Amino acid sequence: MSVKALVTYRSAAASKVTLLDSKEEYPAILRKKLKKYRLYAGDYVSGEIVDNQFVIEAIEPRRNILIRPPVANVDRVFVVMAMQEPPFDSYLLDNFLAVFEYYEIEPIIILNKVDLLESQEKLQKWQNIYQNIGYKVVPLSIKEDISPLKSFIKGITTVAGPSGAGKSTILSRLLGVALKTGEVNHKLKRGRHTTTAITLYPFNDNSFVADTPGFSKVEATFFMDKKEVHRYFKEFNNYSCKYPNCTHTTEPECGVKEAVLEGKIACERFKNYLKIMHYYWEELPC
Ligand SMILES: Nc1nc2c(ncn2[C@@H]2O[C@H](COP(=O)(O)OP(=O)(O)OP(=O)(O)O)[C@@H](O)[C@H]2O)c(=O)[nH]1
Ligand SMILES: [Mg+2]
Ligand SMILES: [Zn+2]
């Protein structure tokens, strides 16, 4: 009889699945005819249990695949950015957001390590910018109760953000499991990569959470055509331009540029967008 399961562990050497009904975990292998397919953590599969091993017979079509890290069918992502250590990097954040918009994954922005801030001004500034666009923004610190974050876990939830931002620390607390965490390497002022193989941990009834390694460089144009990037800066879509496919760079009568000049679109966001586009605009007000 065919059983439905989710791939909840994936490394170069081995895979495991968790049965969707009983939540039992089994080591998994692909049936011979599927050997040419790549299996991802997050793949929904069906198969049968033979000799205490789950033999995968079919992989369901994927809603999406994040390639870095490789996780399929992601519903939500916690984008964890430290306000300090490593330094807050809005360019990295905006690239992450564009990529998740592209994949139709809902991002929750976590502004972490607020305890390290001497004043709240910087936090207020960035919190306002992203909240005004319509993103959920959660200021956070290890010194506070972080359990309210649990309500944001939905379906397959992963984390993203630079190394050392606190992803594993947050998930360890939420899940009650000890995930590998690392001290930020102060000499380099960036974190070390301490997370490797991908495990999806069951959370409540039907959610699974994955810790993933951080990285400090993501370019939206690696995932999508340069001409498309503007679509995934979602607040830009509230303004109309003379040309319907305006990229808000060289074109005349650009509603987005006007909105930037009027302060309706955050200048920092547009600045990051132009950096992605490799375009210089001399009127940029910030
Ligand atoms: N001051 C302060 N330190 C924190 C906070 N959250 C995490 N840390 C520390 O930051 C360091 C890095 O945390 P990790 O959870 O390993 O970071 P990560 O994002 O998982 O890093 P990678 O796995 O390398 O991508 C650890 O020493 C944590 O104790 C916080 O809110 N405040
Ligand atoms: Mg980690
Ligand atoms: Zn435009």
Side-chain angles (χ1 to χ4, degrees), residues 68-69 71 77-89 92-93 96 109-118 123 138-149 158-175 177-199 201 209-218 227-231 233-262 264-265 269-270 273-274 277 279 281 283-284:
R68 292 171 62 193
V71 185
V77 63
F78 289 176
V79 186
V80 182
M81 301 295 295
M83 291 312 295
Q84 238 160 266
E85 296 186 27
F88 180 73
D89 180 350
L92 178 66
L93 175 56
F96 269 128
I109 301 171
I110 299 179
L111 300 178
N112 198 29
K113 305 198 186 186
V114 296
D115 55 295
L116 299 178
L117 289 173
E118 269 163 29
L123 171 65
V138 185
L140 207 72
S141 147
I142 192 141
K143 307 208 161 125
E144 291 156 34
D145 173 23
I146 67 166
S147 58
L149 267 187
T158 68
V159 285
S163 191
K167 300 179 294 298
S168 303
T169 306
I170 291 168
L171 292 187
S172 300
R173 290 263 296 268
L174 291 179
L175 299 168
V177 295
L179 298 167
K180 212 170 172 189
T181 61
E183 289 298 314
V184 173
N185 185 333
H186 286 281
K187 208 168 158 202
L188 291 168
K189 279 284 173 205
R190 63 187 172 87
R192 276 196 216 135
H193 297 265
T194 49
T195 316
T196 46
I198 304 217
T199 304
Y201 296 90
V209 180
D211 189 20
T212 63
F215 29 141
S216 304
K217 256 197 166 162
V218 171
K227 287 197 203 82
E228 302 288 306
V229 177
H230 67 94
R231 292 179 205 280
F233 275 69
K234 64 178 189 178
E235 74 275 35
F236 295 2
N237 298 322
N238 298 333
Y239 302 91
S240 41
C241 305
K242 182 175 177 187
Y243 297 103
N245 289 325
C246 186
T247 64
H248 323 310
T249 52
T250 54
E251 300 90 341
E253 293 175 52
C254 171
V256 166
K257 278 182 173 172
E258 271 166 40
V260 172
L261 291 174
E262 288 165 8
K264 291 176 182 158
I265 287 176
R269 287 269 291 171
F270 195 60
Y273 171 72
L274 292 182
M277 299 302 284
Y279 186 78
W281 180 39
E283 287 174 67
L284 189 72

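Read the numbers this way: they start at 1 and go in the same order the structure lists the ligands and their atoms. Worth saying up front: this structure is predicted, and the values here are computed from it rather than measured.
- Ile170 places none of its side-chain heavy atoms less than 4.5 Å from the side chain of Val159.
- A pairwise comparison of heavy atoms in Ala165 and Asn112 identifies O-ND2, 2.8 Å as the closest pair.
- Counting atoms of ligand 1 from 1 in the listed order, those under 4.0 Å from a heavy atom of Gly214 are 25 (O).
- Centred on the Zn ion (ligand 3), the angle running from Cys241 (SG) to Cys246 (SG) is recorded as 110°, rounding to 10°.
- Separation of atoms NZ (Lys113) and CG (Leu123) is listed at 15.0 Å; rounding is to 0.5 Å.
- The backbone and the side chain of Ile142 each have at least one atom closer than 4.0 Å to an atom of ligand 1 (non-hydrogen atoms only).
- By the 30° and 60° cut-offs, the orientation of the rings of Tyr273 relative to His248 is tilted.
- In this structure a side-chain-to-backbone donor-acceptor pair under 3.5 Å is missing from Lys167 to Val80.
- Between Thr212 and ligand 1, no N or O atom pair is found at a separation short of 3.5 Å.
- The distance from the Mg ion (ligand 2) to the nearest N/O/S atom of Ser163 is not under 2.8 Å.
- The Zn ion (ligand 3) has an N, O or S atom of His248 under 2.8 Å away, backbone or side chain.
- The environment of NZ in Lys234 is crowded: more than 12 heavy-atom neighbours from other residues, nucleotides or ligands sit within 6.0 Å.
- Of the candidates Glu144, Met81, Lys113, the one placing a heavy atom closest to atom 4 (C) of ligand 1 is Lys113.
- Close contacts of ligand 1 with Asp115, meaning ligand atoms under 4.0 Å from a residue heavy atom, involve 1 (N), 2 (C), 30 (C), 31 (O), 32 (N).
- Side-chain contact between Met83 and Leu116: absent, with no pair of heavy atoms (C-beta onward) separated by less than 4.5 Å.
- For Ser172 (side chain) and Leu179 (main-chain N/O), a donor-acceptor pair under 3.5 Å exists by modelled atom type.
- Note: no N/O pair closer than 3.5 Å links Leu116 and ligand 1 by distance alone.
- Partner Leu140 forms a side-chain contact (heavy atoms from CB on, under 4.5 Å) with one of Leu111, Leu149, Val114 and no other, that one being Leu149.
- Neither the backbone nor the side chain of Ile170 has any atom closer than 4.0 Å to an atom of ligand 1 (non-hydrogen atoms only).
- For Val80, no heavy-atom contact with ligand 1 is shorter than 4.0 Å.
- Residue Pro86 forms a side-chain contact (heavy atoms from CB on, under 4.5 Å) with just one option from Ser163, Ser216, Pro162, and that option is Pro162.
- Taking any N or O of Lys143, backbone or side chain, none lies under 3.5 Å from an N or O belonging to ligand 1.
- Between Ser163 and ligand 1, at least one pair of N/O atoms sits closer than 3.5 Å.
- Assignment of Ala165 to the shell around ligand 1 is supported, since a heavy atom sits closer than 4.0 Å.
- Of all atoms in ligand 1, numbered sequentially from 1 with element shown, those under 4.0 Å from a heavy atom of Ser141 are 31 (O).
- The heavy atom nearest to atom 29 (O) of ligand 1, considering only Leu140, Thr169, Leu117, is found in Thr169.
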